[in-house]
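Residue numbering restarts at 1 for every chain, and letters A, B, ... go by the order of the sequence lines.
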Number of protein chains: 2
Amino acid sequence: MTERLVSMLRASDLRVTRQRQLVWEVLQQSHEHLDAEAVHTCAKARDPNISLATVYRTLATLKEVGLVEEHRLGEEHAHFEIVPQTPHYHFTCQACGCIIEFDAPQVMQAVRELSKREDLLIQHVHLFLNGLCSQCQHQQEG
Amino acid sequence: MTERLVSMLRASDLRVTRQRQLVWEVLQQSHEHLDAEAVHTCAKARDPNISLATVYRTLATLKEVGLVEEHRLGEEHAHFEIVPQTPHYHFTCQACGCIIEFDAPQVMQAVRELSKREDLLIQHVHLFLNGLCSQCQHQQEG
DNA sequence: TAGCAAATGAGAATCATTTGCAAAAAGGAG
DNA sequence: CTCCTTTTTGCAAATGATTCTCATTTGCTA
């Protein structure tokens, strides 16, 4: 599990620290999309001394190394997840905040066409939808 | 030009103020994607007293009323633009920061399929790509 | 035109994130 | 295993973006 982390860090001449492993494990064990604060909270359960600054630094590092993705799902703060095998996108319900992940091959196809047409090197593709989920649509009371 | 603003504000029982008109005109006259600071700067050229807080408030209002869209193009701060007739998406170059707008009908098609399959009410669709634009790819020097 | 609620300006406050710096820890060499 | 150099960390202060507070001003309706 942690091999992927170790090899990616080594490949970039970065040290394998307890904190980096911890953040990585937190992200692996949670299949949700955590924000930095939530990662910090989970990490503190196992290392009460880990600081929020380190969490931010680590998330940035993991992102640079290509292990983690950052999403701006609401408007507010960022959420993080381990880079998935198959790319996927996100829908967020504005009422209950639930997140639905989905894939749609047409999107990558469209991106490929654009990238060829405009000669762009595409590094990240973020598709983010919001609106109301099934449940929240059907319970319109206050 | 300003009719659209006036009717939308009236429809929501909001007042038509000098500041709201000014922000609206700034957005119309600039075909770029301005951030709040930039809108403020432009607006101050015509009303030196307009405050940044009012710009933020006005952008939020215009967004609620459906006249303006907010985008998180980089990671940092928000950019705003008048809701376009035809929906479109954004590519940002990580090197030079240029923004390319594009459309791709496949995206809306994919979104429609998802929304039907999962019974979602979709309100906003954000597709955001980043990477390197043609120019920046081909000038790899420091 | 008067009166009231909504909107503004200015600055303080808040939230998320970053940074500076001294102390702690990782990893290579001996 | 220990030493040394360099990277990381923790903490707290700094920053940047955005929001809020509140006294004052301004739209709009009667």
Calculate the interatomic distance between Arg72(A) atom CZ and dA17(D) atom C1'; express it in whole Å.
10 Å
In whole angstroms, the gap separating P of dT7(D) from CD of Gln19(A) amounts to 17 Å
Test Phe80(A) against Val39(A) for side-chain contact (heavy atoms from CB on, under 4.5 Å), laying out the working first.
CA-CA 9 Å; Phe80(A) 300 85; Val39(A) 172; 5.5 Å; no
Estimated bend of the helix from dT1(C)-dA30(D) to dG30(C)-dC1(D) (axis per five terminal pairs, rounded to 10 degrees):
40°
Which residues pass the side chain to side chain donor-acceptor pair (under 3.5 Å) test with His40(A), not counting sequence neighbours?
none
From the options Leu129(B), Leu127(B), Leu73(B), select the one residue that forms a side chain to side chain contact (heavy atoms under 4.5 Å, CB included) with Phe91(B).
Leu129(B)
Intermediate values then yes/no, side-chain contact (heavy atoms from CB on, under 4.5 Å), Glu69(A) and Lys63(A):
CA-CA 6 Å; Glu69(A) 280 180 358; Lys63(A) 197 176 119 189; over 6 Å; no
Between dA17(D) atom C1' and His79(B) atom NE2, what is the distance in whole Å?
12 Å
Any side-chain hydrogen bond (donor to acceptor under 3.5 Å, both in side chains) pairs touching residues 6-17 of chain B, not counting sequence neighbours?
none
Expected rows: protein N/O vs nucleotides 28-30 of chain D N/O, under 3.5 Å:
{"unit_1": "dC28(D)", "atom_1": "OP1", "unit_2": "Val16(B)", "atom_2": "N", "d": "3.0"}

Side chain to side chain donor-acceptor pair (under 3.5 Å) with Ser115(A): which residues, sequence neighbours excluded?
none
Heavy atoms from other residues, nucleotides or ligands near CD of Gln135(B) exceed 12 (cutoff 6.0 Å)
no
Contact list for DNA chain D against residues 41-60 of chain B - heavy-atom distance below 4.0 Å:
Leu52(B), Ala53(B), Tyr56(B), Arg57(B)
Short side-chain to backbone donor-acceptor contact, Gln137(A) and Asp119(B), under 3.5 Å
yes
Reading DNA chain C from 5' to 3', where do the contacts with chain B start and stop? Cut-off is 4.0 Å to heavy atoms.
dA5(C) to dG11(C)
ring-ring contact (aromatic ring centres under 6.0 Å, His included) with His88(B): which residues, sequence neighbours excluded?
His90(B)
Nearest-Å distance, CD (Glu64(B)) to P (dT19(D))?
11 Å
Keeping to residues at least two apart or across chains, list the salt bridge (charged side-chain N to carboxylate O under 4.0 Å, His left out) pairs with something in residues 94-117 of chain A.
none
Which salt bridge (charged side-chain N to carboxylate O under 4.0 Å, His left out) pairs, counting each pair once, include a residue from residues 36-55 of chain B, with sequence neighbours left out?
Arg18(B)-Asp47(B), Glu25(B)-Arg46(B)
May I have all residue pairs that pass ring pair (Phe, Tyr, Trp, His ring centres under 6.0 Å) and include part of residues 102-121 of chain A, sequence neighbours excluded?
Tyr89(A)-Phe102(A)
For residues 54-62 of chain B, run the donor-acceptor check on the side chains, cut-off 3.5 Å, and write out each pair with its distance to 0.1 Å, sequence neighbours left out.
{"unit_1": "Thr54(B)", "atom_1": "OG1", "unit_2": "Ser51(B)", "atom_2": "OG", "d": "3.2"}
{"unit_1": "Thr58(B)", "atom_1": "OG1", "unit_2": "Thr54(B)", "atom_2": "O", "d": "2.7"}
{"unit_1": "Thr61(B)", "atom_1": "OG1", "unit_2": "Arg57(B)", "atom_2": "O", "d": "2.8"}

